[in-house]
Amino acid sequence: MRLSRYFLPILRDTPKDAEIVSHRLMLRAGMVRQQSAGIYAWLPLGLRVLNKISAIIREEQNRAGAVELLMPTIQSADLWRESGRYDAYGKEMLRIKDRHERDMLFGPTNEEMITDIFRSYIRSYKDLPLNLYHLQWKFRDEIRPRFGSMRSREFLMKDAYSFDLDEAGARHAYNRMFVAYLRTFARLGLTSIPMRAETGPIGGDLSHEFIILASTGESEVFCDKSVLDLHVPDADTNFDSVEDLQTIVSNWTKPYAATSDMHDTAAYGAIPTERQVSARGIEVGHIFYFGTKYSEPMGAKVMGPDGIERPVYMGSYGIGPSRLVAALIEAFHDENGIVWPKEIAPFHVHLINLKVGDGATDAACETLIHALEARHLDVLYDDTDERPGGKFAKADLIGMPWQIIAGPKSLADGKVEIKNRGTGERHLLSIEDAVRLVTA
RNA sequence: CGGGGUAUAGCGCAGUCUGGUAGCGCAUCUGCUUUGGGAGCAGAGGGUCGUGGGUUCAAAUCCUACUGCCCCGACCA
């Protein structure tokens, strides 16, 4: 992508409304634009990150056996009256009327709708287990949105819903998502910690929040340091093995880890002092089991092998990609800007042409672009006639993992400079070696 | 929803107290000189001063109502 033809509205000054670093950087890097309180337009650079995160989430959901569909943003109030949540949800739900004065709403979540879809088609235990998910924009009319896309009113959410014949089946479905989440966050470059969360009226031990540590996190969290070193399940994990998954989940839930809501001072105090971690965290995922809470009132029943019809046991599993964009920046930045992990960087390589119009420099850049694109790397090519200082500052701000700097000085020796954004290391390399290094 | 702020050019701000033809920095455009870490000079464009009503010869400025946005708290993926 040539920067001269791209849409990347960089801000040199920090907008005064942005309080936390991720919000500041997202605005400065031209990733988002606020359109209303807690509502953002995603500009090209931000959208690329959002899509990369979503792609990883999809891969891991699919790997764990979930099946993607897409439900609408606008829902009918009737479904919510069936579950009883239309009155219970309160002002956080954005309620609207259509031209026929019918009560509609902008969905804050989709339990009712997915339950309706399920009950419309599924009749037999033979069609279970089933896990359906989608990535869709949600709206929760927060009293006070803040921190940019970290806590917005409109937000993208991956929500999955599992259906099983009994509680044991639901537990395995839960474990599938538990493992999928560990893998998802690890692939995003994050160390996530599953923490026991409140389960509401259902009770039990089947609700976890996935937290990443960040000094600007909204929640106060406590954990045993050993949880940070646990092995993330491999890609070839057998998601059909009840025992394998239960072993993984048991290992991950053994060390103490809790948010302040669930904090047990005595249990925490029993951890050796050097392993006690008290920090702030950002909730990036939440999974829970809720049994027949929706299937019962909404009549989502299947026939069991015993010939008895019963409501299905359900769970739901959420990840917020739009929040993750902010969370990732909180985790990966320095004083000059964003430092994207390789997996989610909007472009792999930021190629800087220091002297646009100089034949040799232009030619070297074209050669690099072709070589990199042939290896399926996305290149952002700064072919503008801005001065070098401005280009460097911009490259550091938007934070691609590699910067390749081509100018007459180094090209006189047949070299380009390559800079690792994360470590700051620079090397003078031939074009071939530079390509080899970023491809590695 | 309670409390506190704020609204003037794309961004950051001054001007409001004490009414009198709307300004600064950055950004943008033109020209020249520059060109390896946010250049210099010269020139130019851009604002119904959040909206409505009022006071006044005259309102960014005073009065009034409304709205947007931000911060603190309770609430949330």
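Numbered from 1 within each chain, the chains take letters A, B, ... in sequence-line order.
- Qualifying ring pair (Phe, Tyr, Trp, His ring centres under 6.0 Å) partners for A/W340, counting only residues two or more places apart in sequence or in other chains: none.
- Under the rule for a salt bridge (charged side-chain N to carboxylate O under 4.0 Å, His left out), the partners of A/R151 that lie at least two apart in sequence or sit in another chain are A/E142, A/E218.
- Legend: residues meeting salt bridge (charged side-chain N to carboxylate O under 4.0 Å, His left out) with A/R187, ordered by chain and number and at least two apart, are A/E59, A/E60.
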Do nucleotides 72-77 of chain B as a string where each nucleotide becomes B, S or -: B if the base has a protein heavy atom under 4.0 Å, S if just the sugar-phosphate does, - if no protein is that close.
-> BBBBBB
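- Of the candidate nucleotides B/C26, B/U35, B/C70, B/C70 has the atom nearest to the side chain of A/Q34.
- Residue A/A393 is in base contact, counting any heavy-atom pair closer than 4.0 Å across all strands shown.
- The salt bridge (charged side-chain N to carboxylate O under 4.0 Å, His left out) check on A/D17 picks up nothing, with sequence neighbours excluded.
- A donor N or O paired with an acceptor N or O is found under 3.5 Å between the base of B/A39 and the side-chain atoms of A/R387.
- Contacts between residues 42-76 of chain A and RNA chain B, defined by a heavy-atom separation below 4.0 Å, involve no residue at all.
- Looking at A/D383 and A/Y6, their side chains never bring a donor and an acceptor atom within 3.5 Å of each other.
- Among residues two or more places apart in sequence or in another chain, the side chain to side chain contact (heavy atoms under 4.5 Å, CB included) test is passed with A/D264 by A/Y256, A/A266, A/A267.
- The NZ atom of A/K391 sits 13 Å away from the P atom of B/A39 (whole-angstrom rounding).
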Identify the pairs formed between an N or O of the protein and an N or O of nucleotides 5-14 of chain B at a distance under 3.5 Å, and give each distance.
unit_1	atom_1	unit_2	atom_2	d
B/C11	O2	A/D13	OD2	3.3
B/G12	OP1	A/K16	N	3.3

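- With a 6.0 Å radius and a threshold of 12 heavy atoms from other residues, nucleotides or ligands, A/E167 has its CD atom at or below the threshold.
- Between A/R119 and A/E82, at least one side-chain nitrogen of the basic residue sits less than 4.0 Å from a carboxylate oxygen of the acidic one, meeting the salt-bridge criterion.
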Acceptor/donor pairs from residues 408-415 of chain A side chains to any protein atom, 3.5 angstrom cut, sequence neighbours excluded:
unit_1	atom_1	unit_2	atom_2	d
A/S410	OG	A/G407	O	3.4
A/S410	OG	A/K415	O	3.1

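- By the side chain to side chain contact (heavy atoms under 4.5 Å, CB included) test, A/E386 is found to be paired with A/T384, A/K391, A/K394, residues two or more places apart in sequence or in another chain being considered.
- Residues meeting the side chain to side chain contact (heavy atoms under 4.5 Å, CB included) test with A/K254, sequence neighbours left out: A/N251.
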Report each atom pair, protein N/O against N/O of nucleotides 44-47 of chain B, whose distance is under 3.5 angstrom.
none

